[in-house]
Structure formats: C-alpha cells, structure tokens
Trainee: 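I am attaching a structure below and will ask some questions about it afterwards.
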Amino acid sequence: MTWSSPPTHGPLGDALAQLAATIEHLGYDDGMHQMLATARREMQVSVPLRRDDGSVFVYSGYRVQHNFSRGPAKGGLRFAANVDLDEVRALAMWMTWKCALVDVPYGGAKGGIAIEPRDHSERELERVTRRYTSEIAPIIGPEVDIPAPDIGTNEQTMAWMMDTYSALLGHTVQGVVTGKPVSLGGSRGRTTATSRGVAHIALMAMAAHGMRRDGTSAAVQGFGKVGRDAARFLADAGVTVRAVSDVDGAVYAHDGLDIARLGAHAERTGSVVGFPGAEAMDTTGLLTLEVDVLVPAAVEGVLTADNASHVQARMVIEGANGPTTQEADAILMERDVVVVPDILANAGGVIVSYFEWVQAHQAYQWSEREVNDRLEERLTTAWNDVVEYAGTHTLTYRQAATALAVRRVTQAHRQRGLYP
Ligand code: NAD
C-alpha cells in the first residue's frame with residue numbers, strides 16, 4: 001500500500017476508513033495519520049511445498065507487523081485460499097487497536113498463507129508451516145512478534161512453529177507463539193478464550209440494552225474455533241441459539257439447537273450440515289434471520305450494503321474480524337442496530353495469549369479458573385471504557401473502541417518519539 005493511493009474497499013479499505021474517521025474525531029495531524037495507517041514492517045515469502053505425491057507447489061505467505069509502539073507485535077496466522085497482502089494488512093491493523101483497547105503490552109501483526117488447508121494432508125500442512133516459519137524466523141520471536149492461531153490453523157500448527165523456531169535457535173523458545181497445546185506451555189483456557197470473551201461481551205451488551213438472556217434468540221455464523229464455543233457459551237447462559245452455519249451450510253431449530261450435540265456431529269462429519277432434528281437453511285439467510293442477536297464468527301466482509309438493511313437482529317456481536325463493511329456499518333447505525341466491534345468482542349483470544357506469554361516468561365502455569373477470571377475482568381474493564389467513551393462523545397461502540405485504542409497507541413508513540 002502506498003500512502004498516496006490507499007485502497008477504499010475490502011478489509012483494508014474498511015480498516016483505513018475506520019482509522020480516518022477516528023483521526024478526524026481525535027483531531028490528529030496528517031503525519032500521525034500516516035504513521036498509523038502504514039505497517040512498520042511487511043514480509044512476503046514464497047513457501048514451496050513438496051506434496052505427498054512428490055510434486056512441488058509454491059504458495060505465497062505474508063507477515064505484516066503493523067505497530068510496535070506498545071510492545072512486540074502480536075497476531076494470528078491464517079491459512080485460507082483467498083489470503084492476500086491487503087487482507088493481512090487490515091487484520092494486522094485491527095490487532096494493534098485490539099491489543100491497545102484491552103491494554104495488553106503488544107502492537108499488532110498478522111500472517112497468512114494463501115492455501116486451502118482442506119485440500120492438504122496433515123503431513124503437507126506440517127511441511128508448509130515449518131517452511132513458512134523458517135522463512136519468517138528473522139522477524140518473529142518472543143520480544144519481536146508472536147504468532148497465534150487464526151482461520152485454518154490450530155494448536156498443532158503452533159506446536160510445529162515453536163518446534164521449527166526452536167530448532168533454528170538451538171534451544172526451546174516457548175514464548176515465540178501462543179495458542180500452543182497445554183502440554184507444550186500453552187495456557188489453560190486458551191482454546192475457548194475467544195469464544196468465552198464473545199459470550200461475556202454479548203451478555204454484558206444484552207444486559208446494557210435491556211435484553212433478558214432467557215428471552216433472547218441468536219444466530220451464529222461460523223462453527224470453528226470461535227463460533228462453536230461462542231454458541232455453546234451463549235446457549236449455556238440461557239440464550240436460544242436458533243441457527244448456526246459453516247462454510248458448507250446452515251442448520252436451524254426454532255426452539256434452539258443442542259449445541260453440545262451439534263458440536264459432536266460436526267466433529268464426526270466435518271460440518272454442521274445434516275444435524276438430525278434441525279432444518280437445513282441457506283447460509284446467507286442466516287445473517288438476516290429473525291433473531292435478537294447475530295454473531296458473525298467466520299470471515300470478514302459478510303455484512304454488506306446489500307444485506308445490512310435486511311438484518312433483523314437488534315444487536316451484532318462481531319466474533320470474526322471485520323465482518324461488517326463500512327457501508328453496512330453506516331446502514332446498521334442508521335437503523336439503530338447495536339454493533340459491538342470485533343476489537344472488543346473477540347479480544348478474549350489475545351488476552352489469554354498474553355497470559356500464555358506471561359506464563360512462559362514465569363515458567364509457571366496458572367489454573368483455568370485464574371485464567372478465566374482475569375480474562376473476564378479485562379474484558380469488563382474494556383467494555384466499561386467503551387460504553388463510557390461512547391456515551392460521553394455520542395459515538396457508536398466501534399467509533400469509541402477505535403478512538404480509545406488509537407489514542408493509547410498514539411500516546412505510546414509520542415512518548416517514545418521518532419528515531420532518529
Ligand atoms: P476457524 O478456521 O476455526 O473457523 C472458521 C469457521 O467459519 C468454520 O466453521 C468455517 O466453515 C466457517 N466459514 C468460513 N467461511 C464461511 C462462510 N462464508 N459462511 C459461513 N461459515 C464460514 O477460524 P476461527 O479461528 O474460528 O476464526 C473465525 C473468525 O474469528 C476469523 O475472522 C478470525 O480472524 C476471528 N478470530 C479468531 C480468533 C481465534 O482465537 N481463533 C481470535 C480473534 C478473532
């Protein structure tokens with residue numbers, strides 16, 4: 001991206017539009033705007049893979065470090081066929097705001113490989129992960145940039161990354177990634193942290209807007225690491241989860257899906273499709289279903305100018321990063337639909353990643369109760385900060401959350417000064 005011709009659409013267009021509006025609200029100058037709009041460091045690598053049949057295919061990989069003002073860069077690694085540099089840039093920028101908003105001492109980063117993981121064997125995914133890790137090894141590390149799981153990656157991916165990085169350095173470096181298996185220095189509670197956070201924020205938002213748990217219905221898009229347990233936690237709290245989708249299809253039950261059984265079905269078959277006792281439905285229809293709360297927890301850009309005016313939910317809780325385009329955001333605001341932004345709603349993952357990194361430094365493991373209590377405490381603080389700022393300045397939750405985050409990053413940047 002060059003500063004003179006930034007994209008106006010797609011995830012990066014959305015992220016830059018949010019930043020531009022925030023800069024205007026905060027009254028910052030053009031120099032600061034440029035500092036915050038551009039990544040400090042970007043790396044693009046070729047990732048050759050020797051497939052199980054002996055053939056070779058070369059994938060494109062990326063690591064973008066958007067900001068380091070508040071500490072090492074932090075952000076997930078995504079395996080998805082349509083990953084490109086601009087998407088990774090947007091996700092890295094959102095990570096900077098997220099870390100600042102929940103006050104963990106990190107900047108923001110993101111990585112990706114343009115690969116469809118479902119087309120590859122476990123052994124191929126291991127080789128791709130290890131080769132990518134060795135390519136980006138010069139710019140990651142516990143004090144530099146700490147990857148974590150995102151779409152298409154998991155704790156096994158993180159174990160391979162840690163092992164590869166450790167082999168290159170000649171000693172075990174647990175703090176180089178988070179989201180590792182607990183047996184390798186992962187944190188208790190990390191696998192469910194993002195979902196626990198989504199549900200915790202959703203329940204606080206519902207309470208703040210006078211919605212009783214037992215009278216509230218919800219639909220969740222995405223049934224992966226975030227969506228599945230978010231649906232489960234919401235159902236456990238008394239919310240009627242009527243519909244859930246994944247990339248293959250959607251299922252609906254008016255009186256509520258049995259999420260534990262649906263989870264077991266998805267585990268067994270690889271999809272929510274065909275869940276006994278539920279009706280099949282169109283995946284796009286899920287976003288405009290008659291429910292009180294909509295939780296997009298799959299991919300970015302799903303709420304658009306085309307469907308935002310048909311959303312029937314009173315509240316959108318952004319489990320995914322960037323699910324609402326700038327056009328949809330304006331329509332939802334106009335229609336008084338409450339949108340709780342990604343940088344707040346899904347911040348539980350990075351909070352417990354931070355706890356994992358702290359535990360690696362302490363060489364000590366916390367109990368799951370301790371992790372969950374501290375997670376909820378931090379999210380509650382961030383929620384209260386956002387509600388207060390939004391109320392004081394008459395802003396949406398997204399505008400308030402972004403303003404708080406950008407202000408914190410700017411403060412750190414100003415205190416450190418510009419070198420040379
Ligand atoms: P995942 O790969 O575990 O799951 C993604 C899910 O979305 C799968 O069920 C997939 O089938 C589904 N999906 C993909 N495209 C879809 C579509 N068009 N319609 C419906 N479903 C679709 O990924 P994840 O880790 O759950 O991440 C989901 C979102 O949450 C992403 O935006 C990610 O950046 C964000 N996020 C993840 C974490 C984390 O800790 N994993 C933390 C913060 C934010």
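All ligand and atom numbering here is 1-based and tracks the order in the structure. Nothing here was measured: the structure is a model prediction, and the numbers come from that model.
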Trainee: Looking only at protein heavy atoms, identify the closest one to atom 31 (C) of ligand 1 and say how far it is in Å.
Mentor: Ala298 O, 3.2 Å

Trainee: For a side chain to side chain donor-acceptor pair (under 3.5 Å) check, start with the C-alpha distance between Gln18 and Trp94, then their side-chain angles and the critical distance, and finish with the verdict.
Mentor: CA-CA 10 Å; Gln18 290 159 8; Trp94 285 322; 2.9 Å; yes

Trainee: Can you find an N/O atom of Glu300 closer than 3.5 Å to an N/O atom of ligand 1?
Mentor: no

Trainee: In terms of atom number and element, which parts of ligand 1 are under 4.0 angstrom from non-hydrogen atoms of Asp246?
Mentor: 9 (O), 11 (O), 20 (C), 21 (N), 22 (C)

Trainee: Using distance alone, decide if ligand 1 has a nitrogen or oxygen within less than 3.5 Å of any nitrogen or oxygen in Val299.
Mentor: no

Trainee: So does Met35 get a backbone contact from the side chain of Arg40, meaning a donor-acceptor N/O pair under 3.5 Å?
Mentor: yes

Trainee: Heavy-atom count check: over 12 atoms from other residues, nucleotides or ligands less than 6.0 Å from Arg335 CZ?
Mentor: yes

Trainee: In the structure I gave you, are the side-chain heavy atoms of Ile201 and Trp383 within less than 4.5 Å of one another anywhere?
Mentor: yes

Trainee: I need the contact type for Arg190 against ligand 1. Using non-hydrogen atoms and a strict under-4.0 Å cut-off, is it side chain, backbone, both or neither?
Mentor: side chain

Trainee: Closer than 3.5 angstrom, by distance alone: can the side chain of Asp229 be matched with the main-chain N or O of Val226 as a donor-acceptor pair?
Mentor: no

Trainee: Taking 4.0 angstrom as the limit and counting only heavy atoms of Arg78, give me the atoms of ligand 1 inside it, by number and element.
Mentor: 31 (C), 32 (O), 33 (C), 34 (O)

Trainee: Can you find an N or O of Gly349 that's nearer than 3.5 Å to an N or O of ligand 1?
Mentor: no

Trainee: May I ask you to check if ligand 1 and Lys225 share an N or O to N or O distance below 3.5 Å?
Mentor: yes

Trainee: Gln221 heavy atoms, cut-off 4.0 Å: which ligand 1 atoms fall inside?
Mentor: 19 (N), 20 (C)

Trainee: Spell out, as yes or no, whether a donor-acceptor pair under 3.5 Å connects the side chain of Arg408 to the backbone of Ala100.
Mentor: yes

Trainee: Any nitrogen or oxygen of Gly224, side chain or backbone, less than 3.5 Å from one on ligand 1?
Mentor: yes

Trainee: Going by distance only, is there an N or O of Lys98 that falls short of 3.5 Å from an N or O of ligand 1?
Mentor: no

Trainee: Under 6.0 Å from the CD atom of Gln362, do we count more than 12 heavy atoms belonging to anything else shown?
Mentor: yes

Trainee: Is there a polar contact, in the sense of an N or O pair closer than 3.5 Å, between Asp150 and ligand 1?
Mentor: yes

Trainee: Does Ser245 reach ligand 1 with a nitrogen or oxygen that is under 3.5 Å from one of the ligand's nitrogen or oxygen atoms?
Mentor: no

Trainee: Do the charged groups of Arg228 and Glu267 touch, with an N to O distance under 4.0 Å?
Mentor: yes

Trainee: What protein heavy atom sits nearest atom 10 (C) of ligand 1, and how far off is it?
Mentor: Val247 N, 3.9 Å

Trainee: Is there at least one pair of N or O atoms, one from Ala320 and one from ligand 1, spaced under 3.5 Å apart?
Mentor: no

Trainee: Considering heavy atoms of the protein only, find what lies nearest to atom 32 (O) of ligand 1 and give residue, atom and distance to 0.1 Å.
Mentor: Asn321 N, 3.1 Å

Trainee: Can you check whether Gly227 has an N/O within less than 3.5 Å of an N/O in ligand 1?
Mentor: no

Trainee: What protein heavy atom sits nearest atom 40 (O) of ligand 1, and how far off is it?
Mentor: Thr194 OG1, 2.8 Å

